[in-house]
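Worksheet for the structure shown next.
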Amino acid sequence: MVPTITAFRQSPDRGAGQARDMRVRWALEEVGQPYEVRLVSFSEMKRPAHLALHPFGQIPTYEEGDLVLFESGAIIFHIAQRHAGLLPRQTNQRARAIMWMFAALSAIEPPILERETALLLENSSPWRDERLPLIENHIRKRLAELSDSLGGCEWLEEGFSAGDLMMVGVLRRLNRSGLLSEYPNIAAYVARGEARPAFKRAFAAQLEVFTASQGRN
Ligand code: GTB
């Protein structure tokens with residue numbers, strides 16, 4: 001059964017592939033699973049039909065027969081469990097790959113989101129200039145720790161896994177921040193992820209949505 005995911009009809013990132021459908025597309029491309037995409041506008045996301053799929057009125061969602069999922073982490077975990085290619089078969093290696101998925105979402109992504117909030121929503125707030133360096137230092141601390149963990153390895157564990165997909169998906173939100181280049185092995189790790197053919201196919205697909213939306217305007 002071909003799953004259907006949802007994505008922004010008009011992504012505010014103008015095709016930079018920063019919305020979270022990008023990670024789901026990437027996972028589907030890695031395992032070779034074709035998928036369909038239903039595009040939704042911001043107002044459609046808050047209507048009952050979409051809220052029935054996603055209680056918080058967001059993208060991405062994932063529908064596969066009777067199964068409806070939201071939360072990119074849960075969706076990617078499901079894809080990785082259902083198809084070969086993103087999680088090792090060996091129990092302990094599999095557990096460690098899953099651990100990195102959680103680490104990406106719960107240890108690395110939160111300060112990155114705080115930074116985006118400070119830049120986008122609190123830019124004219126009086127506390128912005130004091131808060132931003134604190135957040136960026138928190139991010140640096142996490143990147144330094146991750147850099148030590150990765151060392152000179154290609155991926156976080158033995159081979160590329162859903163843990164790397166999630167980690168690269170999260171880290172690339174910093175692509176334009178200048179922070180990644182302070183940690184050359186992390187910058188190279190993100191570039192390795194983005195160089196994967198499956199990533200490129202997913203990126204091209206979401207960019208196509210943006211390009212088409214420009215043609216409609
Ligand atoms: N924890 C959820 C998950 O991982 O799936 C978070 C889902 C989420 O934040 N979805 C966002 C959304 O639907 C889109 S990805 N927002 C609409 C709303 O809440 O009303 C977040 C996002 C949006 C835009 C950019 N950008 O423009 O760069 C980047 C990331």
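This structure is a prediction, so every number in the text was calculated from the model and none was measured. Every number for a ligand or one of its atoms is a count from 1 in the order of the listing. Just so it is clear, the values below take in all heavy atoms, side chains as well, and ignore hydrogens, waters and symmetry mates.
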Subject >> Leu156 with Trp26, same ILVMFWY side-chain cluster at under 4.5 Å >> reply: yes
**OP:** Could you tell me the separation between the CD1 atom of Ile186 and the CG atom of Leu179, rounded to the nearest 0.5 Å?
**Re:** 12.0 Å
Original post:
Who's the nearest protein heavy-atom neighbour of atom 20 (O) of ligand 1, and how far?
Top reply: Lys46 NZ, 2.6 Å
Original post:
So which of Met166, Gln58, His54, His50 gets nearest to atom 19 (O) of ligand 1, if we judge by its closest heavy atom?
Top reply: Gln58
Original post:
What protein heavy atom sits nearest atom 26 (N) of ligand 1, and how far off is it?
Top reply: Asp13 CB, 3.5 Å
Original post:
Glu109 pairs by salt bridge (charged side-chain N to carboxylate O under 4.0 Å, His left out) with which of Arg142, Arg172, Arg23?
Top reply: Arg23
Original post:
Measuring from the heavy atoms of Glu116, does anything fall under 4.0 Å of ligand 1?
Top reply: no
Original post:
Distance under 6.0 Å and angle within 45° of the ring axis: does Arg25 meet both against Tyr35?
Top reply: no
**OP:** Report yes if Ser72 has an N/O atom closer than 3.5 Å to an N/O atom of ligand 1; otherwise report no.
**Re:** yes
**OP:** Please say whether Arg23 places an N or O atom under 3.5 Å from an N or O atom belonging to ligand 1.
**Re:** no
**OP:** Measure the distance from atom 29 (C) of ligand 1 to every protein heavy atom, then report the residue, atom name and distance (to 0.1 Å) of the closest one.
**Re:** Gln18 O, 3.6 Å
**OP:** Verify, without hydrogens or angle tests, whether Ser125 (side chain) and Trp127 (backbone) share a donor-acceptor contact under 3.5 angstrom.
**Re:** no
Original post:
Counting N and O atoms only, with roles assigned by atom type, does the side chain of Ser41 sit under 3.5 Å from a partner on the main chain of Glu44, one being a donor and the other an acceptor?
Top reply: yes
Original post:
Contact between Phe56 and ligand 1, counting heavy atoms under 4.0 Å?
Top reply: no
Original post:
Which residue and non-hydrogen atom of the protein lie closest to atom 1 (N) of ligand 1, and at what distance in Å?
Top reply: Glu71 OE1, 2.7 Å
**OP:** Around atom 17 (C) of ligand 1, find the nearest protein heavy atom and jot down its residue, atom name and distance.
**Re:** Phe42 CE2, 3.8 Å
Original post:
Which protein non-hydrogen atom lies closest to atom 8 (C) of ligand 1, naming both residue and atom, and how far is it?
Top reply: Arg20 NH1, 3.3 Å
Subject >> Proximal atoms of ligand 1 relative to Pro60 (non-hydrogen, under 4.0 Å) >> reply: 5 (O)
Original post:
Has the side chain of Ser181 got a donor or acceptor atom that lies under 3.5 Å from a matching backbone atom of Gly178?
Top reply: yes
Original post:
Backbone, side chain, both or neither: what part of Phe8 comes under 4.0 angstrom of ligand 1, heavy atoms only?
Top reply: side chain
**OP:** Look at atom 11 (C) of ligand 1 and say which protein heavy atom is nearest, naming residue and atom and giving the distance to 0.1 Å.
**Re:** Ile59 O, 3.8 Å
**OP:** Decide whether an N or O pair under 3.5 Å exists between Arg173 and ligand 1.
**Re:** no
**OP:** Using modelled atom types only, decide if a donor and an acceptor are shared between the side chain of His83 and the backbone of Gly32 within a distance under 3.5 Å.
**Re:** no
Original post:
Would you say ligand 1 has an N or O under 3.5 Å from any N or O of Gly73?
Top reply: no
Original post:
Are Leu146 and Met99 connected in the hydrophobic side-chain network, where two residues link if heavy atoms are under 4.5 Å apart?
Top reply: yes
Original post:
Do Ile135 and Leu105 sit in the same hydrophobic cluster, where Ile, Leu, Val, Met, Phe, Trp and Tyr count as joined when their side-chain heavy atoms come under 4.5 Å apart?
Top reply: yes
